[in-house]
Amino acid sequence: GENVEQHPSTLSVQEGDSAVIKCTYSDSASNYFPWYKQELGKGPQLIIDIRSNVGEKKDQRIAVTLNKTAKHFSLHITETQPEDSAVYFCAASKGTGTASKLTFGTGTRLQVTL
Amino acid sequence: ETGVTQTPRHLVMGMTNKKSLKCEQHLGHNAMYWYKQSAKKPLELMFVYSLEERVENNSVPSRFSPECPNSSHLFLHLHTLQPEDSALYLCASSQGARTSGNEQFFGPGTRLTVL
């Protein structure tokens, strides 16, 4: 089955700096790669996703890149703010039917300090 | 907030108790999921229902019993649990492949503690 590895497990940056989180996956058939943000006491929330037919996607301060050959994808957050502090999860899926199976990474705890 | 609600938010139960977790989605989705989230481990997919039919059961012990009476509701019935079952149980839903197919929306979870 699919295996997703995520690094680093913790990341501390100063406000205004950039943060990068990296994930690798094992199944070359995976075609969908979402990123979730989980704040304390809440469930994961989708913040951005990318499909295998594109290499990069950007949404304001958040961007995701995908390298299918190397089977890795990354989350980039620019101009970080204290409210970006949370746990971030990457995931991979090859589901295209009526239900999809997401395989998650172990999460990165991002701390944005003032 | 996400259109997926879960009750209760917190649950403490003994190993001999029987309890149920409830999930409801207000998004018109046709697939629903149960995940287990333990500290320092990836989210573990437990069950998947599509159009009220169970399509996935990831070798989950029989002390966890899911039920999906309709496309908006999902239950997880618990009985004779073990302390290692203590975790955050998350419900999610998604639309089928006739639209985008993959985005999953999560509820806030039920924090379960088994004594």
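With a 4.5 Å cut-off on non-hydrogen atoms, B/L90 touches chain A through its side chain but not through its backbone. If you measure heavy-atom distances from A/Q38 to chain B, the contacts under 4.5 Å come from the side chain alone. Proximity to chain B involves both the backbone and the side chain of A/P44, based on heavy atoms less than 4.5 angstrom apart. There is no contact between B/R111 and chain A, counting heavy-atom distances below 4.5 Å.
The same ILVMFWY cluster, assembled from side-chain heavy atoms under 4.5 Å apart, contains both B/L76 and B/V60. Cluster membership for A/I47 and A/L66, using ILVMFWY side-chain heavy atoms within less than 4.5 angstrom, is shared. Under the 4.5 Å side-chain heavy-atom criterion for ILVMFWY residues, no single connected hydrophobic cluster contains both A/V112 and A/V87. Cluster membership check: A/W35 does not share its hydrophobic cluster with A/F89, using side-chain heavy-atom separations under 4.5 Å among Ile, Leu, Val, Met, Phe, Trp and Tyr. Hydrophobic clustering (ILVMFWY, side-chain heavy atoms < 4.5 Å, transitive): B/L11 and B/M46 are in one cluster.
The number of heavy atoms from other shown groups lying within 6.0 Å of CD (A/Q14) does not exceed 12. No more than 12 heavy-atom neighbours from other residues, nucleotides or ligands sit within 6.0 angstrom of CD on A/Q60.
Ranked by heavy-atom pairs under 4.5 Å with chain A, the list B/Q37, B/K41, B/R9 is led by B/Q37.
A/L102 is listed as a side-chain neighbour of B/Y35, based on a closest heavy-atom distance under 4.5 Å. Proximity of A/Y32 to B/E103: side-chain heavy atoms (C-beta onward) are separated by under 4.5 Å at one or more points.
Across every non-hydrogen atom of A/F104 and B/P42, the tightest pair is O-CB, 3.5 Å. Heavy-atom minimum distance, A/Y36 versus B/Q104: OH-O, 2.8 Å.
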